[in-house]
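Taking it in order: structure first as structure tokens, then the write-up.
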Amino acid sequence: GSAARRLVGIMVAVSVCLAALGLWQHYISFPETRAEYNQNKYNQEWLQEFGVPQEPAARAMFEERLKSSEPFGMFALANTFAGLLLVWFLVAVGTIASVWKRRPGWKELLAPTLAVGWVAFCLILTKSRTASVGLLAGLTVCGAFHLWRSDGKPMRWMAYMAVGSLAVLFMLAVAAISGGFDVA
């Protein structure tokens with residue numbers, strides 16, 4: 001009913017906000033923190049105030065975490081963040097696919113499609129292999145379901161899936177060009 005639709009809308013909106021946080025972490029916060037650390041890593045007073053461990057092994061682990069660019073939102077791990085984004089991304093894609101059935105204008109689909117793209121881009125930046133497998137499985141099931149229910153119009157859904165695949169490839173390219181992937 002309408003309560004379920006509102007709940008789905010709220011959760012998708014939360015995932016979009018968390019994705020925005022993840023993108024901010026990746027492109028703004030993490031680089032600023034690395035630069036600030038590199039500028040002050042020999043200043044003992046600053047290191048203590050910043051909470052940098054003094055023991056060599058702990059400090060080395062701290063510096064390795066500092067090099068990481070994977071967003072983690074409000075979670076301890078990027079994989080946990082990716083799992084949440086994945087679930088609500090798939091729900092949002094299913095919702096948008098359902099809306100497409102009533103043939104809305106492009107203006108009605110623009111904001112939801114951009115929001116889903118935002119979440120997908122952040123999901124890519126987490127570099128979660130498990131979430132990638134889940135994403136492929138979820139999109140395959142979603143695509144198969146909509147092909148099955150396409151009322152004799154499978155070519156239209158195949159075209160939508162092709163456009164979606166091109167969008168994902170574009171986001172992968174942007175992530176690679178903007179330094180979203182490690183060389184290793």
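- If you chain together hydrophobic residues whose side chains sit under 4.5 Å apart, Val12 and Val14 fall into the same group.
- Asn43 contributes a side-chain N or O that, together with a main-chain N or O of Trp46, makes up a donor-acceptor pair within less than 3.5 Å.
- Note on ring orientation: taking the six-membered ring where Trp is involved, the planes of Phe62 and Phe50 are perpendicular (angle over 60°, cut-offs 30° and 60°).
- Residues Lys127 and Ser69 bring a donor and an acceptor atom of their side chains to less than 3.5 Å of each other.
- Placement of Tyr27 and Trp24 within a single hydrophobic cluster is found when ILVMFWY residues are connected by side-chain heavy-atom separations under 4.5 Å, directly or transitively.
- Tracing side-chain contacts under 4.5 Å through hydrophobic residues (I, L, V, M, F, W, Y), one never reaches Phe30 starting from Met74; they form parts of separate clusters.
- For the pair Glu55 (side chain) and Pro53 (backbone), a donor-acceptor distance under 3.5 Å is absent.
- Using a 4.5 Å heavy-atom threshold, the side chains of Leu84 and Thr80 count as separate.
- Within 6.0 Å of the CD atom in Glu49, the count of heavy atoms belonging to other residues, nucleotides or ligands does not exceed 12.
- Ile28 and Tyr37 end up in different hydrophobic clusters when Ile, Leu, Val, Met, Phe, Trp and Tyr side chains are linked at under 4.5 Å.
- Annotation: side chain of Val91 is not in contact with side chain of Met11 (no heavy-atom distance under 4.5 Å).
- When all heavy atoms are compared, the tightest approach of Arg34 to Ser68 is NH1-O, 3.2 Å.
- Among all heavy-atom pairs drawn from Glu70 and Thr126, the shortest one is CG-O, 3.3 Å.
- How far CD1 of Ile124 is from OG of Ser132: 8.0 Å, rounded to the nearest 0.5 Å.
- In terms of heavy-atom proximity, Leu85 sits nearest to Cys122 at CD1-SG, 3.8 Å.
- The shortest heavy-atom contact between Ser128 and Ala82 is CB-CB, 3.5 Å.
- Contact between Leu90 and Gly134 at its shortest, heavy atoms only, is CD1-O, 4.2 Å.
- What you find for Val116 and Ala92 is that their closest heavy atoms are CG2-CB, 3.5 Å.
- Put simply, the side chain of Leu66 reaches to within 4.5 Å of the side chain of Thr33, judged on heavy atoms.
- Summarising the local packing, CH2 of Trp88 is surrounded by more than 12 heavy atoms from other residues, nucleotides or ligands at distances under 6.0 Å.
- Interatomic distance, Asn79 CG to Phe72 CZ, rounded to the nearest 0.5 Å: 13.0 Å.
- Here Ser15 contributes atom OG and Leu21 contributes atom CG; the two are 12.5 Å apart, rounded to the nearest 0.5 Å.
- Put simply, Val16 and Leu23 are part of the same group of oily side chains (I, L, V, M, F, W, Y) that touch within less than 4.5 Å, one to the next.
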Practice problem: Report the C-alpha distance between Gln54 and Leu47 in whole Å, list the side-chain angles of each, state the deciding distance to 0.1 Å, and finish with yes or no for side-chain contact (heavy atoms from CB on, under 4.5 Å). | Solution: CA-CA 8 Å; Gln54 298 302 310; Leu47 291 172; 4.0 Å; yes
Would you please test Phe89 and Phe121 for ring-ring contact (aromatic ring centres under 6.0 Å, His included) and show each step?
CA-CA 11 Å; Phe89 170 80; Phe121 189 60; over 10 Å; no
